[in-house]
Protein chains: 2
Amino acid sequence: MNLLSYGLLGLLARHESSGYDLMLRIQPFWQAKHSQIYPLLARMEKNGLLSSRWIQQSDKPDKKIYMITDKGIHALQQWTHESVSPPVTRDEMSLRLFCLWLADKGSAIRMFEERKRHFNSRIAHLEGILDAIPAENLSFGSQAFSDYVLVQKGLLNAKAGLDWCNMVLKMMAAGDVKEEHNPFILKN
Amino acid sequence: MNLLSYGLLGLLARHESSGYDLMLRIQPFWQAKHSQIYPLLARMEKNGLLSSRWIQQSDKPDKKIYMITDKGIHALQQWTHESVSPPVTRDEMSLRLFCLWLADKGSAIRMFEERKRHFNSRIAHLEGILDAIPAENLSFGSQAFSDYVLVQKGLLNAKAGLDWCNMVLKMMAAGDVKEEHNPFILKN
DNA sequence: AAGCTCATGTAAGTTGTTACATGATTGA
DNA sequence: TCAATCATGTAACAACTTACATGAGCTT
């Protein structure tokens with residue numbers, strides 16, 4: 001039982017869905033390809049955490065719907081009591097910044113503009129999800145509250161990233177203004 | 001040549017260092033264990049991107065110092081021209097939030113408090129790095145500018161995460177206040 | 001005496017990516 | 001007609017983690 005499998009279990013605890021659908025639902029919060037998800041679901045079913053049935057569709061390909069079992073619910077609740085491991089972020093851009101000093105300004109600007117586009121589309125996507133969350137009953141035990149909290153996590157993060165890009169672009173535009181007079185350089 | 005190897009190349013372009021030191025230097029921005037770094041450095045040396053020499057130490061174990069070769073510098077500069085792939089974040093907490101609605105409030109609060117501690121220690125660590133960056137010559141081509149930008153990236157991110165934790169904790173403390181009157185629920 | 005830091009490596013296992021494989025329907 | 005979406009799977013490979021292995025010096 002790895003972290004991804006608990007994520008899938010958490011999604012299936014809300015409502016049954018196909019592997020394809022799970023892949024799409026988990027995407028914004030945990031990147032996983034279908035080639036990782038399908039075998040994992042099969043293994044989880046073999047271990048009795050899930051059950052499945054096939055749904056025939058006339059217009060689209062048939063699909064396999066997974067649903068969580070009592071054993072699955074139990075495993076999920078056990079997991080809730082364990083401590084959470086710290087986040088792992090692997091961002092090529094961080095590594096790129098190690099050698100920003102030997103890059104030309106033009107390609108640096110393009111890199112930050114590209115990252116701004118990334119954050120803007122992520123913000124748009126998450127705000128779309130946010131709009132779909134029912135505003136009534138946003139109290140602790142509700143699924144809407146879970147969703148709200150999770151989407152805000154991504155949203156605040158993406159906005160911080162966007163702010164950072166804008167800060168850096170302004171600093172680069174300010175050019176060779178001496179740092180004593182540069183309003184962008186703030187230690188704290 | 002994977003992303004991590006470019007990261008190591010970027011660090012070695014500044015100054016030569018040991019595998020152990022590289023592991024520590026890369027840690028705050030890309031989590032990698034020594035067991036991944038040592039074989040990678042050996043492979044990079046075999047491919048002519050790095051060279052190495054042993055340094056004897058009397059008080060501590062001997063160490064192997066790697067330095068970047070001309071071929072390594074060239075590879076690094078090539079990489080600078082390629083497009084940057086989007087960040088990948090794997091945070092168990094996001095998955096945990098999928099099923100926040102079936103957790104008890106007490107363990108939820110503990111989870112957020114733990115995450116606050118994580119962000120606080122990360123902020124303290126990054127501010128330590130920030131203080132070591134020379135404030136003079138923070139203009140584009142300098143290593144100090146690279147460092148400043150990179151540390152700000154992590155810092156703004158951690159601060160956004162901390163704000164998010166505090167927001168959620170306040171929402172939970174507000175309890176069953178109806179959402180129309182709850183000042184913490186803001187769409188946008 | 002026990003555990004941490006420094007220091008380098010290997011072995012075995014898990015996780016994640018890319019590519020292969022198929023095939024109908026819908027929209028540009 | 002070309003590409004995308006829906007839908008499920010396998011195979012091969014790359015990336016990453018955990019555990020094994022060693023050993024001196026320093027701190028509690």
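Chain letters run A, B, ... following the sequence lines, proteins first, then strands; residues in each count from 1.
Non-hydrogen atoms lying under 4.0 Å from DNA chain D are contributed by A/Ser18, A/Gly19, A/Tyr20, all within residues 11-26 of chain A. Contacts with DNA chain D (heavy atom under 4.0 Å) in residues 74-98 of chain A: A/Arg90, listed by number. Against DNA chain D, the stretch residues 43-53 of chain A makes no heavy-atom approach under 4.0 Å.
Between A/Lys64 and D/dG9 there is a side-chain polar atom (N or O) within less than 4.0 angstrom of OP1 or OP2. Contact annotation: A/Gln31 does not reach the phosphate of C/dG16 (side-chain N/O to OP1 or OP2, under 4.0 Å). For C/dT15, the OP1/OP2 oxygens have no side-chain nitrogen or oxygen of A/Gln36 closer than 4.0 Å. Of the side-chain N and O atoms in A/Asn2, none sit less than 4.0 angstrom from OP1 or OP2 of C/dT14. The shortest distance between the side-chain N/O atoms of A/Gln57 and the OP1/OP2 oxygens of D/dA7 is below 4.0 Å.
The distance between atom CH2 of B/Trp30 and atom P of D/dA15, rounded to the nearest whole Å, is 10 Å. Residue B/Gln27 contributes atom CD, which lies 13 Å from atom P of C/dT5 at whole-angstrom precision. In this structure, B/Lys33 places its NZ atom 14 Å from C1' of C/dG13, rounding to the nearest Å. Atom CG in B/Leu41 sits roughly 12 Å away from atom P in C/dT10 (whole-Å rounding). The interatomic distance linking B/Trp54 (CH2) with C/dC6 (P) rounds to 17 Å, in whole Å. Spacing between atom CD1 of B/Ile65 and atom P of C/dA7 amounts to 8 Å, rounded to whole angstrom units. For the pair B/Leu40 CG and D/dA15 C1', the interatomic distance rounds to 10 Å; values are reported in whole Å. The separation between A/Leu4 atom CG and C/dG16 atom P is 6 Å, rounded to whole Å.
Under a 4.0 Å N-O distance rule, the pair B/Asp91/B/Arg115 qualifies as a salt bridge. The existence of a salt bridge linking A/Lys116 and A/Asp163 is excluded, since no basic side-chain nitrogen approaches an acidic carboxylate oxygen closer than 4.0 Å. Remark: B/Arg96 engages B/Glu92 in a salt bridge, criterion side-chain N to carboxylate O under 4.0 Å.
A/Asp147 contributes no side-chain N or O that, together with a main-chain N or O of A/Ile133, makes up a donor-acceptor pair within less than 3.5 Å. For B/Gln27 (side chain) and B/Gln31 (main-chain N/O), no donor-acceptor pair under 3.5 Å exists by modelled atom type.
Within 4.0 Å (heavy atoms only), B/Lys63 reaches sugar-phosphate atoms of the nucleic acid but no base atom.
Where A/Ala32 and B/Asp62 each meet DNA chain C at their nearest nucleotide, the meeting point lying more 5' is that of B/Asp62.
Using a 4.5 Å heavy-atom cutoff, the side chains of B/Lys153 and A/Leu97 are in contact. Side-chain atoms of B/Phe140 and A/Trp101, non-hydrogen and from C-beta on, never get closer than 4.5 Å to each other. A/Leu95 places a side-chain heavy atom less than 4.5 Å from the side chain of B/Trp79.
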| task | Determine, for nucleotides 22-28 of chain D in 5'-to-3' order, which nucleotides have protein heavy atoms under 4.0 Å from the base (write B), from only the sugar-phosphate (write S), or from neither (write -). | result | -B-S---

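Within the helix from C/dA1-D/dT28 to C/dA28-D/dT1, the inter-axis angle between the opening and closing five-pair segments is 50°, rounded to 10°.
The two atoms that bring B/Leu12 and B/Ser17 nearest to each other are CD2-N, 3.5 Å, heavy atoms only.
Cluster annotation: B/Met93 and A/Val88 are assigned to distinct hydrophobic clusters (Ile/Leu/Val/Met/Phe/Trp/Tyr, side-chain heavy-atom contacts under 4.5 Å, transitive). Both B/Met1 and A/Phe98 belong to a common hydrophobic cluster when Ile, Leu, Val, Met, Phe, Trp and Tyr are linked at side-chain heavy-atom distances under 4.5 angstrom.
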| query | Where do B/Lys64 and B/Ser18 land on the side-chain hydrogen bond (donor to acceptor under 3.5 Å, both in side chains) test, with the steps shown first? | reply | CA-CA 6 Å; B/Lys64 198 181 191 173; B/Ser18 67; over 6 Å; no

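Open room surrounds CG on B/Asp70; 12 or fewer heavy atoms of other groups in view lie less than 6.0 Å from it. Heavy atoms of other residues, nucleotides or ligands lying less than 6.0 angstrom from CG of B/Asp59 number more than 12.
The aromatic ring centres of A/Phe112 and A/Trp164 sit less than 6.0 Å apart.
Closest to the side chain of B/Tyr38, out of C/dA7, D/dT8, C/dA11, is C/dA7.
Grouped by direct or indirect side-chain proximity (heavy atoms under 4.5 Å, Ile/Leu/Val/Met/Phe/Trp/Tyr only), B/Ile65 sits with B/Ile55.
A side-chain donor-acceptor contact under 3.5 Å links B/Asp104 and B/Ser107.
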